[in-house]
Amino acid sequence: MMDDRFILIGFRYSVYTRIVRMALLELGLEATYVEANPFAVEPDAELSRHTAFGRVPVLRHGAFTLTETAAITGYLHDLTAGRALRPDDAQATARLRQVIGIVDAYGYQPMVRDVFSHGFYRPHLGEEFDPDKVVTGLERSLPVLQTLDLIAEERLKLNGKDVSLADIHLSPMIAYFAKVPRAADLLSKYPALSAWWAQLCNRPSLIETDPFAMR
Ligand SMILES: N[C@@H](CCC(=O)N[C@@H](CS)C(=O)NCC(=O)O)C(=O)O
């Protein structure tokens, strides 16, 4: 008989792991969690066994192993009929995919790895940090914020009511970004995106997966 439990290999502070944790909660699914630090000097043996990229998250479902967060959340969604985190409409679906693509290709590095990491995370943990990374990260976040603001203004997606896989992909990134006061100020200059964030920041699945609040 197939073992169909989910195993999530992730890292506590990983924004991508948080996206999968949110999706699990939103979809009413549970996974056994295995902690693996992808930033450790010595590569994590469990992680190396399942991915050549050395990144988290990894989802295991029986003999099936999956990496890439958007693929993982899409898979979890497809397994749970009836909970619509992806719209039927072609244009709304295209926007959803566009948001996820923008976040992955243009948002993660400046917003999380540069602004959040050097403006909050590293100082918080007493690690070495580079204030210049915050400055360049904020600059490189501008086209991301501008494009997401236009999408939120259009209201096909990021409208604060039909919460979707796009909201789940974006909100942990914005939560980290907004922990840095200069980034929060910058976000406030984008009215539609700010209005979306004012609603999403209260989403229980986001609050419950906050690694700084979790035990
Ligand atoms: N494309 C991957 C990105 C995952 C990713 O970058 N995860 C980060 C943690 S949030 C990581 O493992 N970083 C390790 C590293 O950069 O070496 C996905 O969508 O899952």
Side-chain angles (χ1 to χ4, degrees), residues 6-27 29 31 33-61 64-79 85-86 96-125 127-130 133-134 136-137 140-141 144 148 164-180 183 205-206 208-214:
F6 295 108
I7 297 174
L8 173 63
I9 304 171
F11 175 54
R12 180 186 176 105
Y13 296 107
S14 154
V15 77
Y16 279 111
T17 300
R18 187 175 181 185
I19 293 168
V20 175
R21 287 184 138 154
M22 274 186 80
L24 287 164
L25 282 173
E26 291 284 349
L27 293 165
L29 298 171
Y33 179 72
V34 177
E35 177 81 354
N37 183 351
F39 300 102
V41 180
E42 196 64 38
D44 184 280
E46 181 65 6
L47 198 55
S48 306
R49 226 188 323 277
H50 299 296
T51 168
F53 298 108
R55 295 201 175 206
V56 291
V58 176
L59 182 80
R60 303 197 62 218
H61 188 204
F64 185 64
T65 300
L66 190 61
T67 65
E68 297 308 307
T69 302
I72 294 172
T73 57
Y75 176 66
L76 294 172
H77 180 268
D78 290 346
L79 292 177
L85 293 177
R86 200 158 50 201
L96 177 151
R97 293 190 173 126
Q98 185 187 11
V99 169
I100 293 174
I102 289 168
V103 165
D104 288 347
Y106 311 114
Y108 171 63
Q109 180 65 44
M111 296 171 88
V112 175
R113 295 294 283 269
D114 296 338
V115 174
F116 164 75
S117 185
H118 290 269
F120 181 87
Y121 180 75
R122 285 163 176 259
H124 180 79
L125 295 186
E127 291 179 7
E128 218 175 292
F129 61 97
D130 179 356
K133 292 257 187 204
V134 178
T136 53
R140 290 188 189 134
S141 301
V144 179
L148 294 174
S164 70
L165 295 177
D167 303 71
I168 290 173
H169 216 87
L170 176 61
S171 52
M173 305 258 175
I174 297 287
Y176 269 7
F177 184 70
K179 279 193 180 290
V180 177
S205 62
L206 183 71
E208 280 175 45
T209 53
D210 180 351
F212 296 95
M214 266 174 7

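The basis for the numbers below is simple: all heavy atoms, side chains too, and nothing from hydrogens, waters or symmetry mates. All ligand and atom numbering here is 1-based and tracks the order in the structure. Starting from 1, each residue takes its place in the sequence as its number.
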Out of all atoms in ligand 1, which are within 4.0 Å of some heavy atom of Val15? Include the element for each. 10 (S)

Atoms of ligand 1, numbered as shown, that sit under 4.0 Å from any heavy atom of Tyr108: 6 (O), 8 (C), 9 (C), 10 (S)

Contact summary for Leu8 and Pro57, nearest pair of heavy atoms: CD1-CB, 3.8 Å

What's the shortest distance from atom 4 (C) of ligand 1 to any protein heavy atom, and which residue and atom give it? Val56 O, 3.3 Å

So for ligand 1, is Arg113 a polar contact partner (N or O within less than 3.5 Å, distance only)? yes

Nearest-neighbour protein heavy atom for atom 2 (C) of ligand 1, which is reported as residue plus atom name and distance: Glu68 OE1, 3.4 Å

With Phe116 as partner, the option from Tyr176, Phe129, Phe177 fulfilling ring-ring contact (aromatic ring centres under 6.0 Å, His included) is Tyr176

Test: Arg86 and Asp78 ion pair at under 4.0 Å: yes

Neighbour count >12 (heavy atoms, 6.0 Å) for atom CD, Glu128: no

Atom 6 (O) of ligand 1: which protein heavy atom is closest, and how many Å away? Arg55 NH1, 2.7 Å

Closest approach of any protein heavy atom to atom 15 (C) of ligand 1, naming residue and atom: Phe39 CE2, 3.6 Å

Taking atom types as modelled, is there a side-chain donor on Asn37 or Tyr13 under 3.5 Å from an acceptor on the other? no

Using a 6.0 Å cut-off, check whether atom CZ of Phe212 has over 12 heavy atoms from anything other than its own residue. yes

Quick one: which ligand 1 atoms are inside 4.0 Å of a heavy atom on Pro57? 20 (O)

Hey, is ligand 1 close enough to Thr69 that some N/O pair sits below 3.5 Å? yes

Heavy-atom count around Arg122 CZ within 6.0 Å, excluding the residue itself: above 12? yes

Does an N or O from Ala70, backbone or side chain, lie closer than 3.5 Å to an N or O of ligand 1? no

Any nitrogen or oxygen of Ser14 lying under 3.5 Å from a nitrogen or oxygen in ligand 1? Just yes or no. no

Arg60 (side chain) donor-acceptor with Ile7 (main chain) under 3.5 angstrom: no

